[in-house]
Enquirer: 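Below is one structure. I have some questions about it.
Just so it is clear: chains get the letters A, B, ... in the order the sequence lines come, proteins before strands, and each one is counted from 1. Fair warning: this is a prediction, and the values are worked out from it, not measured in the lab.
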Amino acid sequence: MAKKLLVILRGAFQSLTVHKLRSALTMLGVVIGVGAVIALVAVGRGTQAQVMSQLQSLGSNILIVSPQIRFGFSRTGLQQSVRRFTNAEVDAIKALATSVRLVAPEYSTSVTVSHLGKTASITVRGVTPEYAEVRNWSVANGRFITAEDNTNMSAVVVLGQTAVEELFGSTLVNPTGDTVRINRQNYTVVGVLKAKGGNNDNVIFMPLRTAQVKLGGAGNKEITSISLQVRSDKEMDFAQAQVRAILRTLHGLSATANDDFMIQNQADLLNTVESTTGAFTTLLGSIAAISLLVGGIGIMNIMLVSVTERTREIGLRKAVGAKRSDILLQFLVEAVVLSGIGGIIGVIAGAGAAQIITPLFGTRQALVTVDSVVLALVVSLAVGIFFGLYPANRAARLNPIDALRYE
Amino acid sequence: MEQPVIDVRDVVKIYRMGSVEVPALRGVSLQIFPGELVAIMGPSGSGKSTLMNILGCLDRPTSGTYYLDGQEVSRLDDNALAHIRNKKIGFVFQTFNLLPRLSALANVELPLIYAGVTNGRERCIAALELVGLGDRIHHRPNELSGGQQQRVAIARALVNDPSIILADEPTGNLDSKAGREIMRIFQQLNAERGITIVIVTHDADIARHTRRILRMQDGLMVADEPVENPRWLLEEEPAPAAVSS
């Protein structure tokens with residue numbers, strides 16, 4: 001049996017090498033399919049791992065409070081409503097939440113920043129001094145936003161590493177003391193942050209009040225989200241309940257109404273990221289899987305051609321004693337060899353492609369995981385079997401007399 | 001009395017072409033005994049190819065019985081017929097039907113692979129030596145002449161030690177010299193090894209190299225006669241024709 005399989009395998013390689021170009025082109029379909037799956041899943045996994053590690057550095061005693069977008073129906077149709085935070089929420093939490101040690105509100109918006117003709121689209125976060133401690137930022141040069149900056153509504157900014165690179169051309173430059181332009185106003189750079197990695201560093205901090213007024217408009221007191229540092233891990237649940245009660249009272253919610261805000265801890269955020277990037281990875285993988293399907297159809301097409309071309313060979317093999325199962329196996333093995341080799345090349349090509357496309361997704365490192373490689377190989381073999389079965393069965397069912405006479 | 005290798009009784013074969021029934025064999029009976037060298041002759045359309053297919057277990061009769069080596073084979077399923085072909089029948093075709101990408105040796109080995117024989121190399125080489133190709137075992141078909149290719153095909157037919165070799169116009173694609181060489185090999189295999197050989201041909205000259213001629217016409221066996229003076233290509237005289245009753 002082993003020898004028989006070896007003979008079949010050798011025969012499969014022989015007949016595939018007869019039409020080298022044809023076999024290679026057929027394989028290419030599977031190579032692209034598997035390669036795309038491997039590459040895109042690797043990028044997805046890489047992104048996920050990166051975001052997760054950033055969140056893990058957040059600290060387990062942090063709560064993030066943000067408005068909840070709510071959907072409801074009215075006479076005019078689907079309504080989307082959001083109750084934005086203002087300084088009122090911040091003041092209430094500061095005054096009443098005894099379990100909270102630090103309150104760090106932020107007002108963030110995306111703006112175009114320029115410096116000497118270079119422009120970049122960057123998220124500007126208006127913050128108070130507490131933000132650096134709560135969210136684990138430290139400065140590499142200069143200083144962070146101070147309380148005085150806020151009181152004076154100073155036009156100062158602290159730049160993340162990516163922002164420095166984009167505006168000043170290199171992270172080796174020390175831009176402290178220099179100015180950048182946001183909305184036709186000059187801001188003095190007072191500090192540069194240490195790198196945190198990934199998209200995190202594409203950020204500019206400025207005083208909360210400066211951001212609210214100069215970027216949001218006069219009289220704007222909006223707060224995008226509030227980061228809280230709880231006194232200790234043990235008080236997390238209590239703190240969450242406390243903050244919730246304060247906000248519900250402040251927002252005048254009745255006992256039966258749903259919250260119009262979200263309070264998330266590190267675990268919640270990890271879950272959210274995991275599920276959204278997981279869905280993203282699945283989506284990418286599924287799109288790529290379609291090209292694998294197309295590759296499989298290519299195999300079926302070529303195998304049908306091959307069966308027709310080799311009708312006489314099939315007739316002869318049957319005449320000398322090949323059973324249906326022998327012929328079936330022969331053609332099935334050929335299809336599986338095509339898809340299997342395509343799969344292996346695809347894994348290698350995909351791993352390579354992942355490294356190349358990774359920067360386009362703002363991800364530092366693609367993650368080619370063992371399970372995705374195994375899955376891709378198993379699927380490509382399955383594709384060979386699935387799409388090889390019909391042509392192989394057609395070959396196996398040929399009548400030997402007609403097959404021998406076929407011209 | 002000795003048991004016949006081939007014992008066909010009242011075999012009828014009807015092909016259906018749409019709604020029309022075309023009778024190809026209309027009740028053929030014949031017996032061939034071990035060690036015979038027989039030619040089946042007849043014009044095209046006489047049913048000799050149909051008979052050949054049934055004798056070769058490539059097809060089943062519509063009615064009638066066929067005993068091969070004492071075993072009733074006319075009602076077996078495809079896989080059982082494949083097994084019979086593998087064990088008991090060696091085919092030689094007009095167009096050789098060698099697999100072009102395989103060496104002579106690998107072509108001869110083909111029936112052994114389907115028989116599940118794992119160490120048949122010696123047997124294949126022996127078969128190739130028997131047909132005079134011991135020095136060409138690694139050549140591919142396109143490196144061999146037509147006559148040599150047909151000899152490879154004969155070696156392939158021999159290798160499983162079949163009860164009978166069926167040859168369908170084996171010299172049809174060869175010049176007369178190569179054709180005579182093929183007939184000499186058939187005579188040699190028959191005389192020296194006692195192999196039963198049935199040759200289907202429309203060529204009277206080829207038929208004269210055998211010892212018994214069966215003539216077909218319109219789906220019926222119309223004559224069964226011994227060859228008076230077989231054209232013998234071997235050194236020794238032919239043994240007296242086997243007596244068929």
Side-chain angles (χ1 to χ4, degrees), chain A residues 1-23 305-334 337 392-407, chain B residues 13 15 24 49-50 52-54 56-60 76-103 106-121 140-141 153 155-160 162 165-166 168:
Chain A
M1 188 59 207
K3 155 111 180 177
K4 197 167 167 178
L5 204 65
L6 200 72
V7 170
I8 291 174
L9 212 56
R10 204 174 54 198
F13 276 105
Q14 265 170 349
S15 44
L16 291 175
T17 47
V18 171
H19 302 283
K20 287 191 189 67
L21 182 63
R22 189 164 93 180
S23 301
V305 171
S306 175
V307 168
T308 307
E309 277 179 354
R310 287 153 69 191
T311 300
R312 279 173 73 94
E313 174 188 329
I314 295 162
L316 182 271
R317 285 178 183 274
K318 287 197 149 191
V320 302
K323 296 185 171 63
R324 277 189 181 190
S325 56
D326 294 320
I327 302 294
L328 186 82
L329 202 61
Q330 181 191 345
F331 282 89
L332 207 51
V333 165
E334 272 183 38
V337 164
N393 195 40
R394 202 152 140 166
R397 297 176 74 91
L398 281 176
N399 174 339
I401 300 167
D402 298 338
L404 277 167
R405 263 198 231 122
Y406 184 85
E407 291 298 332
Chain B
K13 181 69 188 182
Y15 289 112
S49 288
T50 306
M52 181 81 175
N53 289 337
I54 288 173
C57 294
L58 290 165
D59 206 354
R60 281 177 286 260
L76 296 178
D77 68 16
D78 286 355
N79 274 344
L81 285 181
H83 183 74
I84 296 279
R85 289 196 295 271
N86 186 243
K87 294 286 177 205
K88 303 204 168 201
I89 296 165
F91 286 100
V92 178
F93 301 97
Q94 179 174 0
T95 51
F96 323 141
N97 279 327
L98 300 177
L99 300 190
R101 293 182 300 278
L102 300 185
S103 68
N107 264 292
V108 173
E109 206 176 10
L110 212 53
L112 294 182
I113 288 168
Y114 292 119
V117 176
T118 54
N119 48 356
R121 199 183 151 87
R140 289 190 178 191
R156 181 180 63 195
L158 277 174
V159 76
N160 251 1
I165 289 181
L166 291 176
D168 187 2

Enquirer: If I measure from the heavy atoms of chain A, does B:I89 come under 4.5 Å with its side chain, its backbone, both, or neither?
Expert: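 Answer is neither: B:I89 stays 4.5 Å or more from chain A.
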
Enquirer: With only heavy atoms counted, which part of A:R310 is less than 4.5 Å from chain B, the side chain, the backbone, both or neither?
Expert: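 Only the side chain of A:R310 comes within 4.5 Å of chain B.
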
Enquirer: Looking at B:D78 and B:R60, does any basic side-chain N land under 4.0 Å from a carboxylate oxygen?
Expert: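 The answer is yes: the pair qualifies as a salt bridge.
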
Enquirer: Specify which of B:F91, B:Y114, B:F93 makes the most heavy-atom pairs with chain A at under 4.5 Å.
Expert: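 Ranked by heavy-atom pairs under 4.5 Å with chain A, first place is B:Y114.
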
Enquirer: Salt bridge check: are A:R22 and A:E309 linked by an N-O gap of less than 4.0 Å?
Expert: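 Answer for the salt bridge query: yes.
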
Enquirer: In this structure, are over 12 heavy atoms from other groups packed under 6.0 Å from A:H19 atom NE2?
Expert: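 Counting other residues, nucleotides and ligands, NE2 of A:H19 exceeds 12 neighbours.
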
Enquirer: Verify whether one side chain among B:T95 and A:R312 offers a donor that lies under 3.5 Å from an acceptor in the other.
Expert: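 Their side chains do contain a donor-acceptor pair, which is all the 3.5 Å distance test asks for.
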
Enquirer: First locate atom CG of A:L328, then atom CZ of A:R394, and finally report the distance between them rounded to the nearest 0.5 Å.
Expert: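 Going from the CG atom of A:L328 to the CZ atom of A:R394 covers 14.0 Å.
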
Enquirer: Taking every heavy-atom pair that is under 4.5 Å apart, which of B:N160, B:D59, B:L81 has the most such pairs with chain A?
Expert: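 Of B:N160, B:D59, B:L81, B:D59 has the most heavy-atom pairs under 4.5 Å with chain A.
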
Enquirer: Scan side-chain atoms only and decide if B:N79 and A:R324 contain a donor-acceptor pair under the 3.5 Å cut-off.
Expert: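 B:N79 vs A:R324: no donor-acceptor pair found between side chains.
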
Enquirer: May I ask you to name which of A:I8, A:N399, A:L316 has the most heavy-atom pairs under 4.5 Å with chain B?
Expert: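 Most heavy-atom pairs under 4.5 Å with chain B: A:L316.
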
Enquirer: B:L99 versus chain A, heavy atoms under 4.5 Å apart: side chain, backbone, both or neither?
Expert: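 Contact with chain A involves the side chain of B:L99 alone.
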
Enquirer: Heavy-atom distance under 4.5 Å to chain B: side chain of A:R397, backbone, both or neither?
Expert: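 A:R397 has no heavy atom closer than 4.5 Å to chain B.
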
